[in-house]
There are 2 protein chains.
Amino acid sequence: MPQTMVPDVVVRRLPLYLQALNHLAEAGRTLVSSTELGEAVGVSSAQIRKDLSFFGEFGRPGLGYEIRYLISALQRILQLDKDWHMVIIGAGALGHALANYRGFEDHRFAIVGVFDHDPDRVGARVGRLLVEPMELLPSRIRENHVDIAILSVPARSAQAVADQVVACGVRAILNYAPMALSTPQDVHVTYIDPIARLQAMTYYL
Amino acid sequence: MPQTMVPDVVVRRLPLYLQALNHLAEAGRTLVSSTELGEAVGVSSAQIRKDLSFFGEFGRPGLGYEIRYLISALQRILQLDKDWHMVIIGAGALGHALANYRGFEDHRFAIVGVFDHDPDRVGARVGRLLVEPMELLPSRIRENHVDIAILSVPARSAQAVADQVVACGVRAILNYAPMALSTPQDVHVTYIDPIARLQAMTYYL
DNA sequence: GTGTGTGAAACTGTTCACAGCT
DNA sequence: AGCTGTGAACAGTTTCACACAC
């Protein structure tokens, strides 16, 4: 769909636009200008218009953007009009919190399995699922067509686990372990590390 | 210290360098080249050298960087050689998970209070702390010299809570609510939203 | 008048490549 | 030989400003 190569930084902003648009829609609004949307997400109006222009023309000059229409357009662009299957690996406190987080299923990200290496954790209940042993991970990934692996394991195990899921064909990893992962070029890794974020903020305080 | 204005993107990479350096130090290493450090973090060697050059000269030509020395230099630059005081606001599942996360105190980020608006949650135990009512938040922020507020409240309350902590003098917010915050220019806000990160990854799948 | 879409300009960030040090 | 530190070249991103549409 994108005629030109789309910068990654643009793709990362689209979910923020979507979020703000959903809030506006819930508030009963039907139209929004790039200026107003920009203020809601904290970027310039020109940025919004330029970002959207990578994918087509979604606004009406003189009026702005029809909110419901722009929401569906962004969902289609980001491939959010289908369900995505995820596994959580690591059933510690973080793994439990993630498994119980309703936000995932609300956005069509389905958790189809929770795995842990530790036999003491296997069989424990997390949300509506039971913790399974790592041995069952490959078959589960293939049978349930798992798209994304969420890593909530200790830093020292993260690389080995990443290697395993990549070997099973997973091409997207959300990594909560404070550890940079080495993966093939076609695997997408996103890092969530509150410590690193805090450490960048303290620089400015 | 920085002679020139330091780009924000550089500051955000420093914690990643620190992380990799700590892993190397734990592995017993004493020296590292920009090439090797770059491979560990996933950036180019030139990037590492250029980033560090904003703050001074930390390496030895022909040898590389003395790991322990570079760790202390980065800690000093990021102001990690002191304790930071934080409050968690929102004592739901996420608030509990954050309060129990050992990583914070391991990195000198101390949680000095957990607050919730809901009377049913006040008094509940979270880690070694008790949930306190929002009414006590201002005095706690001032008495304990709180530097950072972690928001784990619903999106609809996030802006109001942010306004409160800013009014109490907090200038750094780590926001887990899926909601852009509007704050004065001198307040630093960092967002952690796994849904937004997943939605950016699905674009590429 | 209001507001989009978009080339061009301005700005920011990254990579190159090499002088100089060990 | 090996590696840092850095100006210069390059690439990427944001902002500007305006033609055009409602």
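Bear in mind that the values here come from a model prediction, so they are computed numbers and not experimental data. Every chain is numbered from 1, with letters handed out A, B, ... down the list of sequences.
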What is the distance, rounded to the nearest whole Å, between atom [atom1] of [X] and atom [atom2] of [N]?
X: A:L37; N: C:dG3; atom1: CG; atom2: C1'; answer: 13 Å
X: A:R49; N: D:dA21; atom1: CZ; atom2: P; answer: 16 Å
X: B:D8; N: D:dT14; atom1: CG; atom2: P; answer: 13 Å
X: A:D51; N: D:dG12; atom1: CG; atom2: C1'; answer: 13 Å
X: B:M5; N: C:dT12; atom1: CE; atom2: P; answer: 9 Å
X: A:F55; N: C:dT6; atom1: CZ; atom2: C1'; answer: 16 Å
X: A:E57; N: C:dG3; atom1: CD; atom2: P; answer: 18 Å
X: B:I48; N: C:dT14; atom1: CD1; atom2: P; answer: 12 Å

**Asked** If each of B:S45 and B:K50 is mapped to the nucleotide of DNA chain D with the nearest heavy atom, which maps nearer the 5' terminus, i.e. the 5' end?
**Response**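 The residue mapped nearer the 5' terminus is B:S45.
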
_Under a 3.5 Å distance rule, please check whether A:H96 uses its side chain to pair with a backbone N or O of A:A91 as donor and acceptor._
yes

Qualifying residues under side chain to side chain donor-acceptor pair (under 3.5 Å), relative to [X], sequence neighbours excluded:
X: B:S34; answer: B:R49
X: A:N175; answer: none
X: A:E36; answer: A:R29

Can you give me every donor-acceptor pair (side chain of residues 106-115 of chain A, partner residue at least two apart or in another chain, under 3.5 Å) with its distance?
residue : atom : partner : partner atom : Å
A:H107  : ND1  : A:G103  : O            : 2.9
A:R108  : NE   : A:D83   : OD1          : 3.2

Per atom distances to the B:P7 side chain, the nearest of C:dA17, C:dG13, C:dT4 is C:dG13

Those residues at least two apart in sequence (or on a different chain) that pass salt bridge (Lys or Arg N to Asp or Glu O under 4.0 Å) with B:R128 are none

Pairs satisfying salt bridge (charged side-chain N to carboxylate O under 4.0 Å, His left out), at least one member in residues 131-144 of chain A, at least two apart
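Of all non-adjacent pairs touching residues 131-144 of chain A, those that pass salt bridge (charged side-chain N to carboxylate O under 4.0 Å, His left out) are A:E132-A:R140.
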
Here the salt bridge (charged side-chain N to carboxylate O under 4.0 Å, His left out) pairs for residues 154-173 of chain B, sequence neighbours left out, are B:R171-B:D186

Does OP1 or OP2 of [N] have a side-chain N or O of [X] closer than 4.0 Å?
X: A:S53; N: C:dG5; value: no
X: A:S44; N: D:dT14; value: no
X: B:Q47; N: C:dG13; value: no

What nitrogen or oxygen pairs link the protein and nucleotides 1-3 of chain D at under 3.5 Å?
residue : atom : partner : partner atom : Å
D:dG2   : N2   : B:G62   : N            : 3.2
D:dC3   : O4'  : B:G62   : N            : 3.2
D:dC3   : O2   : B:G62   : N            : 3.4

| Base, sugar-phosphate alone, or nothing: which one does B:V10 contact when heavy atoms must sit under 4.0 Å apart? | nothing

**Study point:** ring-ring contact (aromatic ring centres under 6.0 Å, His included) partners of A:F104, counting only residues at least two apart
**Key:**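 Scan of A:F104 (ring-ring contact (aromatic ring centres under 6.0 Å, His included), adjacent residues dropped) gives A:Y101.
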
A:H188 meets the ring-ring contact (aromatic ring centres under 6.0 Å, His included) criterion, sequence neighbours left out, with B:Y204

The helix from C:dG1-D:dC22 to C:dT22-D:dA1: angle between terminal helix axes, five bp per end, to the nearest 10 degrees, reads 10°

Expected list for residues 13-25 of chain B near DNA chain D, using heavy atoms below 4.0 Å, is none

Item to complete: Taking the side chain as every heavy atom from C-beta outward, state whether B:L174 and A:P194 have any atom pair closer than 4.5 Å.
Response: yes

Quiz item: Just wondering, more than 12 heavy atoms not from B:R60 lying within 6.0 Å of its CZ?
Solution: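 12 or below, so no.
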
